[in-house]
Amino acid sequence: MDQINYEKEKELGLTPSLNDVLNVIEDDAVFSPDQVAHLVGRAPKTVRRWCSEGRINAYSWGGRYVVYGVDIKAFMKKAHNRKKHVKAICQ
C-alpha cells in the first residue's frame, strides 16, 4: 500500500481539515474509548481495538484506556480518505 508523504501534503496545502465537532476538542482533554467512539461514530469496542493495536495513541491507567484530544485529532487526520489525485501527488 502506498504511503502518504504528510510533510509534502502539508507543504502543498492539501492537508485534510477536521470536522467542526473535532476541531473544538482541546488538545489536553482526556477521553474514554466510549467518548471517542461517540465523537467518531464507531463502536466503543472498535476504539478499544484501535487502542490495543496502537492505531490511536492511548494510555492505559488501571487497565482502562484514555485518549488525549490531540491524539484523537491526529488519528482522524491520518485516517481521512484522500482523493486519488492527492494521493498521487503526495507519495
Side-chain angles (χ1 to χ4, degrees):
M1 186 158 86
D2 297 321
Q3 295 292 322
I4 297 288
N5 181 333
Y6 297 107
E7 290 301 317
K8 186 173 184 179
E9 181 183 59
K10 185 177 180 179
E11 179 183 311
L12 295 172
L14 299 172
T15 304
S17 60
L18 289 175
N19 180 302
D20 290 340
V21 172
L22 298 174
N23 274 328
V24 298
I25 294 174
E26 297 290 328
D27 287 348
D28 59 351
V30 178
F31 296 88
S32 70
D34 290 355
Q35 292 168 317
V36 175
H38 178 74
L39 287 169
V40 301
R42 295 292 184 259
K45 183 178 179 178
T46 300
V47 175
R48 283 190 282 282
R49 187 182 75 242
W50 292 342
C51 293
S52 69
E53 292 173 350
R55 292 180 60 192
I56 186 169
N57 195 23
Y59 302 89
S60 180
W61 278 298
R64 298 191 182 272
Y65 289 111
V66 295
V67 182
Y68 282 101
V70 68
D71 295 320
I72 295 168
K73 293 188 278 187
F75 174 77
M76 293 306 294
K77 283 181 183 176
K78 188 174 180 181
H80 190 280
N81 288 328
R82 280 132 174 110
K83 297 184 185 310
K84 289 181 182 181
H85 70 277
V86 171
K87 287 181 181 178
I89 292 170
C90 296
Q91 288 181 348

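Just the heavy atoms: all of them, side chains too, but no hydrogens, waters or symmetry mates, feed the values below.
- Counting all heavy atoms, side chain and backbone alike, Ala58 lies closest to Cys51 at CB-SG, 3.6 Å.
- Pairing each heavy atom of Tyr65 with each of Pro33, the nearest pair is O-CD, 3.2 Å.
- Other residues, nucleotides and ligands place no more than 12 heavy atoms under 6.0 Å from the CD atom of Glu26.
- In the displayed structure, Arg49 atom CZ is contacted under 6.0 Å by more than 12 heavy atoms of other residues, nucleotides or ligands.
- Listed by chain and number, the residues in a side chain to side chain contact (heavy atoms under 4.5 Å, CB included) with Ser32 are Asp34, Gln35 (sequence neighbours excluded).
- With hydrophobic clusters built from ILVMFWY side chains whose heavy atoms lie under 4.5 angstrom apart, Ile56 shares a cluster with Met76.
- Between the CD1 atom of Ile25 and the CD1 atom of Ile72 there is a distance of 4.5 Å, given to the nearest 0.5 Å.
- Ring geometry for Tyr68 versus Trp61: interplanar angle over 60°, hence perpendicular rather than tilted (30 to 60°).
- Under the 4.5 Å side-chain heavy-atom criterion for grouping Ile, Leu, Val, Met, Phe, Trp and Tyr, Phe31 is not connected to Val70 through any hydrophobic cluster.
- Between Thr46 and Val40, every side-chain heavy-atom pair lies at or beyond the 4.5 Å cut-off.
- Minimum interatomic distance between Asp27 and Lys73 (heavy atoms only, all atoms of both residues): OD1-NZ, 2.5 Å.
- Between Arg42 and Trp50, the shortest heavy-atom contact is CG-CH2, 3.7 Å.
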Fill in: Stepwise side chain to side chain contact (heavy atoms under 4.5 Å, CB included) test for Tyr59 and Asp71
CA-CA 11 Å; Tyr59 302 89; Asp71 295 320; 3.9 Å; yes
